[in-house]
S.K.: 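Here's a structure for you.
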Amino acid sequence: MNKVFALFVFVYMAFGYAQENNDKIELSLNAAIDTALTNNPEVIASLKEIEATEGQILQAGRLENAQFSVEANEISSGFDFGDTGELDLNFNQPIEFFGKRSTRTQFAEYQKRSAELNYERVKKLISSQVKKAYYNGLLSSQLVESIQSNINLLNDFLAQVTDRYQAGTSSYLDVIRAKVEILRLKNELFDAMRNYQQVTGQLKILLGKDNGTEYELTDVLYYQSQNFNGDTVINFYSSQSNFLRITEIQVEQNKSLLSLAEKNSLPDFNFGLAFQNRQPLPGNGFDQFLGLNVGVSLPMFYSSGVEGDIQEAEANLFISDIRLQYAKARVSQSIRTAFNNLSFAEEQLILFDTSILSEVEEEMRAGITAYQNGQVDMLNLLDIYRTHRATKIEYSRTVYNTLLALTELEVAGEKEAPLNLPQGETLGINPVRD
């Protein structure tokens with residue numbers, strides 16, 4: 001009866017495990033990046049910012065609102081509007097001096113270009129985060145598989161040690177040592193599986209798909225040498241830096257602000273047209289006339305304000321020039337540092353590939369043979385086994401670190417947030433006031 005029950009439990013658990021695996025969705029790195037670029041909130045928000053700047057262009061290019069008014073004069077004391085002596089219908093249109101509206105529009109177009117570049121920058125950064133999380137998931141998965149493989153290997157050792165103990169050629173202490181080593185590895189397996197769940201959870205958040213879906217990562221932890229040249233790398237990634245392009249556009253924006261501040265010293269105009277009704281004598285009807293009004297603003301009476309706008313714009317332009325030069329130096333240094341990190345990681349990886357891995361594998365085979373021939377004891381064999389396992393783990397981490405260093409290099413020119421732009425409220429950059 002107990003055997004039947006145990007068989008039922010085993011079949012039920014096996015079916016559940018298979019069902020769980022069937023629910024998993026295979027996910028490659030490229031598919032993960034594509035999903036994140038479609039669903040990640042940061043990417044979606046940066047795309048919407050482009051739409052907002054398109055609205056700003058429309059606002060900056062519109063004319064000031066025309067004004068319509070009705071004016072009644074010579075109203076009788078009884079407030080009888082039918083006896084009004086003068087009745088005017090007025091239409092006024094303020095018109096800015098030539099070039100002000102186009103300068104505001106130019107500034108808004110720079111804003112849109114900055115938003116477009118920031119969208120590309122955000123996509124790069126999100127792709128980088130997805131790569132890191134994906135590589136971390138591959139490393140965690142590989143560690144789980146490695147520990148499980150080591151547990152299976154130790155189970156074989158345990159069987160051999162048990163047979164030797166029963167044959168009287170080994171002590172029971174060796175049996176205990178093998179069992180303790182297996183238990184220790186099972187604890188490591190638990191930690192590794194927990195870490196894998198955390199890593200894949202972070203990946204799902206980046207994908208914008210934190211809905212309980214389980215993913216099976218299909219890529220492998222593999223790095224192919226890039227054969228980079230230092231100067232070429234710095235020039236290439238600097239030219240691809242959206243952060244630098246945004247900083248350059250900030251200089252152009254401040255030039256637009258300075259141009260607008262200078263044009264604010266020029267007068268604006270106001271053109272008006274009136275349809276006038278005049279009643280020469282009460283009760284004799286109205287005579288119709290056409291009125292024309294031309295006005296001009298006098299900014300020279302407020303020269304201190306105009307001079308202040310120009311001074312502020314010149315200072316902001318100077319600041320943006322300095323920040324651009326500083327940004328170029330920072331980006332260049334960030335790329336150089338990332339390249340040096342990648343070069344160091346590649347050297348470590350080459351060392352593993354050319355000598356350490358093969359040497360450890362050979363030592364492991366020799367140790368197993370020596371133990372079977374009674375040339376080494378269990379402690380020495382466990383020490384060899386631990387060295388072999390540690391080497392495998394460190395190799396996986398070295399591959400992971402190299403991939404991480406390459407990912408860091410790819411976004412080394414994008415990491416700094418764009419500098420805050422002057423808002424331009426005092427320079428008339430806001431939409432035309434009603």
S.K.: Would a distance-only check, ignoring hydrogens and angles, find a side-chain to backbone donor-acceptor pair under 3.5 Å from Thr53 to Ile50?
M.R.: yes
S.K.: Flag the pair Glu252 and Arg113 as a salt bridge only when some basic side-chain nitrogen lies within less than 4.0 angstrom of an acidic carboxylate oxygen.
M.R.: no
S.K.: Do Gln250 and Leu324 have side-chain heavy atoms sitting under 4.5 Å apart?
M.R.: no
S.K.: Of the non-hydrogen atoms in Leu317 and Lys255, which two are nearest, and what is the gap between them?
M.R.: CD1-CG, 3.6 Å
S.K.: Quick one: does Asn270's side chain have a donor or acceptor within less than 3.5 Å of a partner on Val296's backbone?
M.R.: no
S.K.: Backbone N or O of Lys328 within a donor-acceptor pair of the Ser332 side chain at under 3.5 Å?
M.R.: no
S.K.: Do Asn187 and Arg184 have side-chain atoms, one donor and one acceptor, less than 3.5 Å apart?
M.R.: no
S.K.: Any donor-acceptor pair under 3.5 Å linking the side chain of Glu54 with the backbone of Lys112?
M.R.: no
S.K.: Could you tell me if the side chain of Thr402 sits less than 4.5 Å from the side chain of Leu342, heavy atoms only?
M.R.: yes
S.K.: Should the heavy atoms of other residues, nucleotides or ligands under 6.0 Å from OH of Tyr172 be counted, would the total exceed 12?
M.R.: no
S.K.: Taking all atoms of both residues into account, what is the closest heavy-atom pair of Ile44 and Asn39, and its distance?
M.R.: CD1-O, 3.6 Å
S.K.: Determine yes or no for a side-chain-to-main-chain donor-acceptor pair under 3.5 angstrom, with Asn118 supplying the side chain and Ser114 the backbone.
M.R.: no
S.K.: Please determine whether side chain to side chain contact (heavy atoms under 4.5 Å, CB included) holds for the pair Arg389 and Leu185, giving the CA-CA distance in whole Å, both sets of side-chain angles, and the decisive distance to 0.1 Å.
M.R.: CA-CA 11 Å; Arg389 184 170 64 87; Leu185 279 181; 3.6 Å; yes
S.K.: So does Lys48 pair up with Glu51, basic N to acidic O under 4.0 Å?
M.R.: yes
S.K.: Testing Arg104, Arg62, Lys263 one by one against Glu96 for a salt bridge (Lys or Arg N to Asp or Glu O under 4.0 Å), which residue passes?
M.R.: Arg104
S.K.: What's the shortest heavy-atom distance between Leu409 and Ala338, and which atoms?
M.R.: CA-CB, 3.7 Å
S.K.: If you apply the rule side chain to side chain contact (heavy atoms under 4.5 Å, CB included), what do you find for Thr200 with Tyr196, and how did you get there?
M.R.: CA-CA 6 Å; Thr200 53; Tyr196 177 77; 3.5 Å; yes
S.K.: Does Ser28 offer a backbone N or O that forms a donor-acceptor pair with the side chain of Asp219 under 3.5 Å?
M.R.: no
S.K.: If you measure from the Lys or Arg side-chain nitrogens to the Asp or Glu carboxylate oxygens, is any gap between Lys392 and Glu361 under 4.0 Å?
M.R.: yes
S.K.: Testing the 3.5 Å rule here: is there a donor-acceptor pair between the side chains of Ser343 and Glu347?
M.R.: no
S.K.: Ignoring hydrogens and geometry, is there a side-chain-to-backbone donor-acceptor pair from Arg245 to Ser239 under 3.5 Å?
M.R.: yes
S.K.: List for me each residue that meets side-chain contact (heavy atoms from CB on, under 4.5 Å) alongside Phe236, sequence neighbours excluded, and say none if there are none.
M.R.: Gln240
S.K.: Has Ser149 got a side-chain atom pairing as donor or acceptor with Glu145's backbone, closer than 3.5 angstrom?
M.R.: no
S.K.: Heavy atoms only: give me the nearest Ile234-Arg336 pair and the separation to one decimal.
M.R.: CD1-NH2, 3.4 Å
S.K.: Which pair of non-hydrogen atoms, one from Ala274 and one from Asn90, has the smallest distance, and what is that distance?
M.R.: CB-OD1, 3.0 Å
S.K.: Check for a donor-acceptor pair, side chain of Thr337 on one end and backbone N or O of Gln333 on the other, with a separation under 3.5 Å.
M.R.: yes
S.K.: Below 4.5 Å, heavy atoms only, C-beta onward: do Tyr385 and Glu181 meet side chain to side chain?
M.R.: yes
S.K.: Can you see whether Gln348 engages Thr398 through a side-chain donor-acceptor pair at a distance of less than 3.5 angstrom?
M.R.: no
S.K.: Taking everything shown except Gln311 itself, do over 12 heavy atoms lie less than 6.0 Å from its CD?
M.R.: no
S.K.: Provide the closest heavy-atom pair for Leu260 versus Lys100 in the form atom of the first, atom of the second, distance.
M.R.: CD1-O, 3.9 Å
S.K.: Surrounding OH of Tyr326 (heavy atoms of other residues, nucleotides or ligands, distance under 6.0 Å), is the total greater than 12?
M.R.: no
S.K.: Main chain of Glu216, side chain of Glu26: is a donor-acceptor contact present, judged purely on distance under 3.5 Å?
M.R.: no
S.K.: Compare all side-chain heavy atoms of Val122 with those of Leu125 and state whether any distance is below 4.5 angstrom.
M.R.: no
S.K.: Any carboxylate oxygen within less than 4.0 angstrom of a Lys/Arg side-chain nitrogen, looking at Lys124 and Glu120?
M.R.: no
S.K.: Which residues pass the ring-ring contact (aromatic ring centres under 6.0 Å, His included) test with Phe352, not counting sequence neighbours?
M.R.: Tyr395
S.K.: One thing to verify: whether Asp191 and Arg194 come together as a salt bridge, which I'm taking to mean a side-chain N less than 4.0 angstrom from a carboxylate O.
M.R.: yes
S.K.: If only side-chain N and O atoms count, and only distance matters, is there a donor-acceptor pair under 3.5 Å linking Asn195 with Ser140?
M.R.: yes
